[in-house]
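Worksheet for the structure shown next.
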Amino acid sequence: MIPRTATRRLETTLLCARQALPRPARLYSTPSQKLSAPATAAATSTYIDSGLPPFLTTQNATKANGKLRDFLSRDPSYVLVPTPEPAKAMTMESDRWFGDPLSLDMTGIIDACLHNLYDVPRAMDVFTRLRERIGSVALDTPLYNAFLLAYSGMAEKDSHKKAVWLGEAWSLYTVMEKGLEQVHPNAKTYSIMLSIWHQYHAVEALNIPHVQDPGYLLTKLLSRNISVLEVVGNPCLKDPKLIAQIAQTLAVQAVQLKFPQVVEELGQGNVAPPEEDVFATAPEINPVTKSVSVNGEVQTEIPFNISGLRRQLNKVIEARSFLKQDAYARQRHLEASVYDLAKERLEHTQETLKEVGVSDGNLANSQLRKWMFEWHKKLREALRKEMVKIEKQEESFTKPKQQLEKVSAHLKLVNPDRLSLLTILEVMRLHGSGGITGGMKTTRALIAVGKAVENEHKAQICKNNQIPIPDFGPRTDLFTVRGYQNLHQRRAIAAKTMADAEDWTAPWSQALRVRIGSILVSLLIEVADIVQEMVDPRTNEILSERHPAFYQSYEYVRGQKLGVLKLHEQVLQRLAKDSLDKTIHPRHLPMLVKPRPWTDYNQGGYLYSKSYAMRFKDSHEQQVHLREATAAGNVELVFAGLDVLGSTPWKVNKDIFETVTKVWNTGERMGKIPPAVYDQPEPVMSEESAKDLMARSHHMQRHKAWTQHKNNNHSDRCSVNYKIEIARAFLHDTLYLPHNLDFRGRAYPLPPHLNHMGDDLSRSLLLFDEAKPLGVRGMRWLKIHAANLYGYDKANFDDRVAWTEKHLDKMIEAATNPLEGEKWWLAADEPWQFLATCIEMKKAHELEDPTTYCSSLPVHQDGTCNGLQHYAALGGDAEGAAQVNLAAADKPSDVYTYISHKVQKTVAEDAAKGVEVAQLLVNNISRKVVKQTVMTTVYGVTFVGAREQIEKQLKDRTDVPEEKCWGAASYLAKVLLATIGDTFKGAKDIQNWLNLCARLISKSIPEDRLALERDEAGNKVSTLKRMNIKKQQMTSVVWTTALGLPIVQPYRKAARKQVQTAIQSVFISDPRAPSEVNAAKQASAFPPNFIHSLDATHMLLTALECRNKGLTFASIHDSYWTHACDVDTMSAVIRDTFIALHSSNILERLDKEFRQRYATHQIPLSDLRASGRAGGVNKFVAKLKEAGTRIRAHPSQADDLACIGDIVEYTASEGDAVVLSTSTLAVENTPALEDEAEEAVLESHEESAEEEVKSTESESEVQEEVEIDPYETPKERAARLKREAKAAAAKARLEAKAAKEAAKAAARKEAAEKRAAMEAQSDLKLLDNKFIRLVDLIPPLPKKGDFEVEEIKASPYFFS
């Protein structure tokens, strides 16, 4: 028996089982006490200005962190994931890793049918078919647990079939316990089965098979090392009485089975003292009221905005009573009714408009919401009718394929009220996206709406489950083995806790999203309309007519006809004017609390909205690699870095907000804020121009550009409207920006509208929430920051400080009177950020000691063409390092100005020669014109890309006529690219190496896909058919960053699937149905993507180190932000992390990874033969030769390797030769054919030999007639001729014999060549079925130069 004392303890403590579970502390958190700013010490201590920042002075110079270097130099851990297989040839092995579209459709149906037990029998049918795919990634423990819960629910719901449902549950559990389908129980499984046993074990008459008692379950869960507390405290158990019963039963069984540790574990809980009600003594507040007239009587009521706020705050107060001090839980509670609150606002607007009339000017800004509410009511009713109609239609669906096309279950996941609002808000949000003016691509709209329904369903699951938010404590030993392992263990525990708390849901396929979206959008198009009014000019009568608010159309985009969804012109006008804060979903807004820490690749960020740590670019392969890397514990520091970025607190800059609001309300253009009405005059064609064909063409081009600019002005106006509305909503709050990564590892904020990565206006609207005293050094950096923002950023630091001090009076005047003064600040490169700095300088100088001012303005440290900086460090390029400020110098180098001067010189020379286009460009080539092209050249920009970049800059300058910009850009792109090629030769070598590696990888095929067999001689031969070789080229370029993040390039050939919808036939790409890779795109994109992964790694390392030192940190790729007083500290960290990163042999590690990751990959020789041949020269092989690729082969392989002969070195040692795989399907000639061929050649050669002998004899006769000795007697002459004739005959016979032997040898050789020619013309070419190892073709690394990365310690302008 269980001891009585233990029983009492269980009864009083196990109700808190969940709270008793260990919860990991938060990974990073802002210190509770503000750290003393380093600048404060600088302000109070004696400081001698040596002209250099402290991190460059001798006494403060530090070496790169040794632990960080050791960490980055460790042996890397790679995630090796099989190459995807073609969609039509996918095997079970591939399904284990990636799944397939059919499995995804099945799980989506199961998810919808199990939700609220909507259609469990149908879910069972689909599940039965899915279980046949044993080992599929779709079959996992959460899915089986979902069915166990469903069977338990059905046993309670359908009492007549209770035995059937319980039998299904115990049968499925048995399958899991025995591992028959490679799925095993977890803590939640045992919680469910214990719950079922306690509820139904007394029903013995049902005679249910496979039933097991709690003792058996306890023994099994302990054998799997599952904690009893995890089972008892699992969130799936919601009834406190049931929890206590299960705990007591397990304790009794533990005593009987002699498991004393179980009894001890169950008794560990402590009863928490009652929480004091902090609101018990708080006085009630009388709300603001207003007087209203009701039936002639004056009454008071609370204004709607106040009453709505009080209702929401009451929820927060109620939440505090049972959620205690958990701010995250209160945030969840506050967000729980976002769509309900949106509905209330729309309803209130409608009621108010009814009372006072729409024409009332005070309510003009409510017009958009009035329309939206009308659409909502109509769409809601239409949805209810449509659901009934769809359900009736689906009753006749009996075929398995039709079962997969049912959508009623998915539509019922979200109620019609929410579906209606969700559809309207999502479509309104998408307007102007995808390059479609005043609308959106139809396919994009359908997918977006379908995905919004999916996200809302999953958000509701998260809210219902009350998923715990882990709270990790800070650590400073992340770059040690012990610290990293501890971080991994805590994250793994937190991820497991969150996964156990969340109900199972399945991702939807693109086709399903499109089907759901098409139903909702088509109904919206059908019911949404607006009333358009106009005055009859003859009668002055007001005429009204209803027009559709949305309509379908087609547009040509880049030569392709696309279906588009357009908004009515009046709707677009209201979108540009009305308040938009109510049309934005919370997942598009900043957060009021710190984001959830990233505990898994799909767990983190927003509290409700499902977010992923990476933005997968239509590539399921990326998701699989990240999933496996997370499971292996390789990406802990990546998640930690994202948490650092997301936990930075921000606030809205109220001074800038007030100024921006004034400018916005005037409708004027100012500081990159677009005007309310486009202010550029429309081009008008004169009568003379109308008669000139060329002039008419120029006018049409200018008018087209003007129309595009006008449309862009409207889109820009809407974008600014979003920003200021969000800023207004968060004006008095601390806000946070959750981050995730793109596929290259670069971090981006999840809120898209207002964030620090936005434009100049967005950045100016944000400040750090924490303020720190400037100090002497902070004041100096603030002055440098002001000069940088104005555009005076190429001088040395002292000159920049002097510039700011010289213009200090103007800066203070601009801050005091920004709109009525000189408006001098508008001339700055970044006017709004410069104005924010002016305001900060003004506030500081209002104090007696400006250095004591507490500033919250972020100060930037930007890299100098950061891509080139990484290239110079990788290659040890001393010349390149000097150009991008890696080497020490008295003032910063400006590579853009240097290039622009060289280009200008060339253009001037051409202009002097009479080149017309050059004469247009003389003195018009500024630094800005060439900057983007110079910056992107090392990223692989093409001539076309460079031309587009330059054309845009020339149009912005307006120095060159609009119609001549294209031609001028074409000319200038050629000159510029030639100039750049001479300047950055060091970087080009590395870029070429990366490009060649990517081309080889994208042409390769895994050895196990070659269908290898052994021939009679024991050699490996491929039986892969020639037609399938291209289809098997599925290998993407994959590499791993220094922080363990796997990068997968997503570029594949477009494989689109046609889906018929209610609107139109749309074509979608399915990420789970991959096709062969796009080799050209893989190659051209690899160099820039690799460099981007390096700058992303550098940024994350800097973020982690800055947090370890107590700095507030934010970044925009290669622009790092912190408080002014902390810039010196951050600058030292930037240098330390850069040195540590580039001291870790980056390229050597990449080369090693490629050789390990692709060790068994083979490349078809036919691809190398056919690659880039022009003028008889194989360009690709020539590039490999130039890069240093050499292959050692045996002379017997010469014929096979002829196509790559330029890089082959022959050796007599067979052990050194490359291994070729050849196909047994190569054509072989029959012996008869060989003999005939040899005989034919032999005959022709014998005939040729005889002719040659005859010809020789004839020549002898001719020669004999010519050569007559005048002193020779006739007798002597006859004797000589006789002797010579005999000798000639003997010689001829010998030559004829030799000729016959030579003819036979030539016949054999020519017959072999003829057979080879016949084989080359056959359907299965011999060369097409020969392969060479990829690793044998990878070129050696480029030779490294003399520049040492440690030298950047002495460069003050490396980041500045």
Side-chain angles (χ1 to χ4, degrees), residues 1-11 13-24 140-145 147-149 152 169-201 208 210-240 242-270 489-490 492-501 631:
M1 292 179 61
I2 185 170
R4 183 177 300 175
T5 55
T7 303
R8 285 198 298 267
R9 292 177 64 192
L10 286 173
E11 291 174 350
T13 63
L14 284 172
L15 296 183
C16 302
R18 296 188 186 89
Q19 286 76 10
L21 286 173
R23 292 192 181 183
D140 56 9
T141 302
L143 171 61
Y144 282 61
N145 286 344
F147 270 96
L148 292 177
L149 284 172
S152 176
W170 283 108
S171 176
L172 185 60
Y173 162 73
T174 302
V175 170
M176 297 174 67
E177 192 65 71
K178 294 181 179 179
L180 300 178
E181 296 175 1
Q182 300 180 15
V183 177
H184 306 283
N186 61 8
K188 188 171 184 177
T189 309
Y190 292 110
S191 297
I192 297 169
M193 299 316 296
L194 284 166
S195 172
I196 291 175
W197 187 88
H198 273 83
Q199 294 180 72
Y200 303 108
H201 74 280
I208 302 170
H210 305 296
V211 176
Q212 303 292 347
D213 60 42
Y216 175 87
L217 296 175
L218 177 61
T219 303
K220 289 299 182 181
L221 70 89
L222 291 177
S223 69
R224 297 183 184 277
N225 296 318
I226 296 175
S227 167
V228 176
L229 277 182
E230 289 183 46
V231 175
V232 175
N234 195 278
C236 73
L237 301 177
K238 304 183 185 300
D239 184 358
L242 179 61
I243 294 174
Q245 291 173 5
I246 291 174
Q248 188 170 357
T249 300
L250 289 177
V252 172
Q253 293 293 329
V255 172
Q256 294 176 355
L257 297 173
K258 298 181 180 180
F259 294 139
Q261 74 275 14
V262 173
V263 179
E264 182 180 352
E265 186 178 1
L266 288 171
Q268 286 178 352
N270 295 317
Q489 291 169 359
R490 289 184 296 158
I493 293 172
K496 186 176 183 301
T497 303
M498 296 175 73
D500 285 347

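As the structure is a prediction and not an experimental result, all values here were calculated from the model.
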- Does the side-chain hydrogen bond (donor to acceptor under 3.5 Å, both in side chains) test come out yes or no for Gln253 and Thr249, once each step is laid out? CA-CA 6 Å; Gln253 293 293 329; Thr249 300; over 6 Å; no

- Decide yes or no on side chain to side chain contact (heavy atoms under 4.5 Å, CB included) for Val228 and Leu221, but give the supporting numbers first. CA-CA 8 Å; Val228 176; Leu221 70 89; 4.2 Å; yes

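We find the CD1-CD1 distance between Ile196 and Ile192 to be 7.0 Å, quoted to the nearest 0.5 Å. Leu242 contributes atom CG, which lies 4.5 Å from atom OG of Ser195 (distance to the nearest 0.5 angstrom). Between the CD atom of Gln245 and the CD1 atom of Ile243 there is a distance of 10.5 Å, given to the nearest 0.5 Å. In this structure, CG in Asp140 is found 12.5 Å from NE2 in His184, a value given to the nearest 0.5 Å.
Heavy-atom minimum distance, Pro185 versus Ile226: O-CD1, 4.4 Å. Smallest separation of non-hydrogen atoms from Ser191 and Glu230: OG-O, 4.3 Å. Between Val232 and Ala247, the shortest heavy-atom contact is CG1-CB, 4.1 Å. Pairing each heavy atom of Leu257 with each of Gly215, the nearest pair is CD1-O, 3.7 Å.
A donor-acceptor pair under 3.5 Å is absent between the side-chain atoms of Ser152 and the main chain of Leu149, judged by distance alone.
Using a 4.5 Å heavy-atom threshold, the side chains of Leu148 and Thr189 count as touching. You'll find the side chain of Trp197 stays beyond 4.5 Å of the side chain of Ile246, heavy atoms only. Within the 4.5 Å cutoff, the side chain of Phe147 has heavy atoms near those of the Leu143 side chain. Leu250 places a side-chain heavy atom less than 4.5 Å from the side chain of Leu194. Between Val231 and Asn234 there is no side-chain heavy-atom pair separated by less than 4.5 Å.
A donor and an acceptor atom, one from each side chain of Asn186 and Thr141, are nowhere located under 3.5 Å apart.
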Sequence neighbours left out, cut at 3.5 Å: what donor-acceptor pairs do the side chains of residues 171-178 make with other protein atoms?
residue: Tyr173; atom: OH; partner: Glu177; partner atom: OE1; Å: 2.5
residue: Thr174; atom: OG1; partner: Trp170; partner atom: O; Å: 2.8
residue: Glu177; atom: OE1; partner: Tyr190; partner atom: OH; Å: 2.9
residue: Glu177; atom: OE2; partner: Tyr190; partner atom: OH; Å: 3.4
residue: Glu177; atom: OE2; partner: Arg224; partner atom: NE; Å: 3.2
residue: Glu177; atom: OE2; partner: Arg224; partner atom: NH2; Å: 2.7

